[in-house]
Amino acid sequence: QVRLVESGGGLVQAGGSLRLSCAVSGAIFSLNDMGWYRQAPGKQRDLVAYITGGGVTNYTDSVKGRFTISRDVAENTVYLQMDSLAPEDTAVYYCSCHITWPYKTVVWGQGTQVTVSS
């Protein structure tokens, strides 16, 4: 069973930084694409950042230049470094593992709360 566990969320002032971690077990980490999504109260869950098994990254426009997604293959962990945080970044952040073999599915973590005060 694939499991994802997020950590690193918390309360931070505007302009501050946080680093989120997502520990993956039960999957071949290096062969799967990984993502970070977020969901604010009353809003849909939206893509924040994405990294392929080959290390290619993509970001939603609102976080470009501020957030960085990365992988540590040895630790089976994906990170989201968040700098210059703004109140609009407040949301529950979810890690995702995009599995393609032996079947195609997306596995989600439980989420970690990020709150940015003005």
Side-chain angles (χ1 to χ4, degrees):
Q1 183 178 355
V2 179
R3 297 182 180 89
L4 281 66
V5 180
E6 300 101 333
S7 62
L11 176 64
V12 65
Q13 291 184 340
S17 298
L18 286 172
R19 188 183 69 166
L20 306 183
S21 299
C22 175
V24 181
S25 62
I28 303 174
F29 179 78
S30 62
L31 298 180
N32 295 316
D33 296 350
M34 302 291 297
W36 284 99
Y37 291 70
R38 66 187 180 187
Q39 187 168 23
K43 304 294 184 180
Q44 66 181 12
R45 186 175 299 186
D46 292 325
L47 175 69
V48 177
Y50 198 87
I51 185 167
T52 70
V56 178
T57 60
N58 196 16
Y59 302 89
T60 191
D61 286 343
S62 63
V63 308
K64 287 180 179 178
R66 300 189 297 124
F67 291 10
T68 304
I69 187 171
S70 62
R71 299 182 305 162
D72 186 329
V73 176
E75 296 293 331
N76 255 27
T77 302
V78 64
Y79 301 96
L80 185 67
Q81 177 66 43
M82 305 186 295
D83 298 320
S84 301
L85 284 162
E88 294 76 27
D89 297 315
T90 295
V92 178
Y93 283 70
Y94 297 90
C95 184
S96 63
C97 179
H98 300 259
I99 297 169
T100 58
W101 189 91
Y103 47 83
K104 187 176 181 180
T105 189
V106 180
V107 179
W108 298 93
Q110 293 297 116
T112 185
Q113 176 71 49
V114 172
T115 302
V116 184
S117 62
S118 60

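What you see is a predicted model; the values in this text were computed from it and never measured.
Among residues at least two apart or in separate chains, salt bridge (Lys or Arg N to Asp or Glu O under 4.0 Å) pairs with a member in residues 89-101 are R38-D89, R66-D89. Note on residues 100-117: no pairs pass salt bridge (Lys or Arg N to Asp or Glu O under 4.0 Å), not counting sequence neighbours.
In this structure the side chain of L47 never reaches within 4.5 angstrom of the side chain of T60, judged on heavy atoms. Looking only at side-chain heavy atoms (C-beta outward), M34 and C22 come within less than 4.5 Å of each other. Residues M82 and V63 have side chains not in contact (no heavy-atom distance under 4.5 Å, counting atoms from C-beta outward).
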Could you pull out all donor-acceptor pairs under 3.5 Å where a side-chain atom in residues 111-118 meets a protein atom, sequence neighbours excluded?
| unit_1 | atom_1 | unit_2 | atom_2 | d |
| --- | --- | --- | --- | --- |
| T112 | OG1 | G9 | N | 3.2 |
| Q113 | NE2 | A91 | O | 3.4 |
| Q113 | NE2 | T115 | OG1 | 3.3 |

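The minimum heavy-atom distance linking V107 with V2 is given by the pair CG1-O, 3.8 Å.
Looking at residues two or more places apart in sequence or on another chain, you find a ring-ring contact (aromatic ring centres under 6.0 Å, His included) between Y50 and H98. By the ring-ring contact (aromatic ring centres under 6.0 Å, His included) test, Y94 is found to be paired with no residue, residues two or more places apart in sequence or in another chain being considered. Residues passing the side chain to side chain donor-acceptor pair (under 3.5 Å) test with E75, sequence neighbours excluded: none.
Panel note: side chain N76, backbone V24; a donor-acceptor pair is recorded below 3.5 Å. Counting only distance, with no hydrogens or angles, the side chain of Q110 and the backbone of V5 share no donor-acceptor pair below 3.5 Å. Listed for the R45 side chain is no donor-acceptor partner under 3.5 Å among the backbone atoms of V92.
Of the inter-residue distances, the one linking L20 atom CG with Q81 atom CD reads 9.0 Å to the nearest 0.5 angstrom. Note that OG of S25 is 7.5 Å distant from CG of L4, once rounded to the nearest 0.5 Å.
D83 and S17 share a side-chain donor-acceptor pair at under 3.5 Å.
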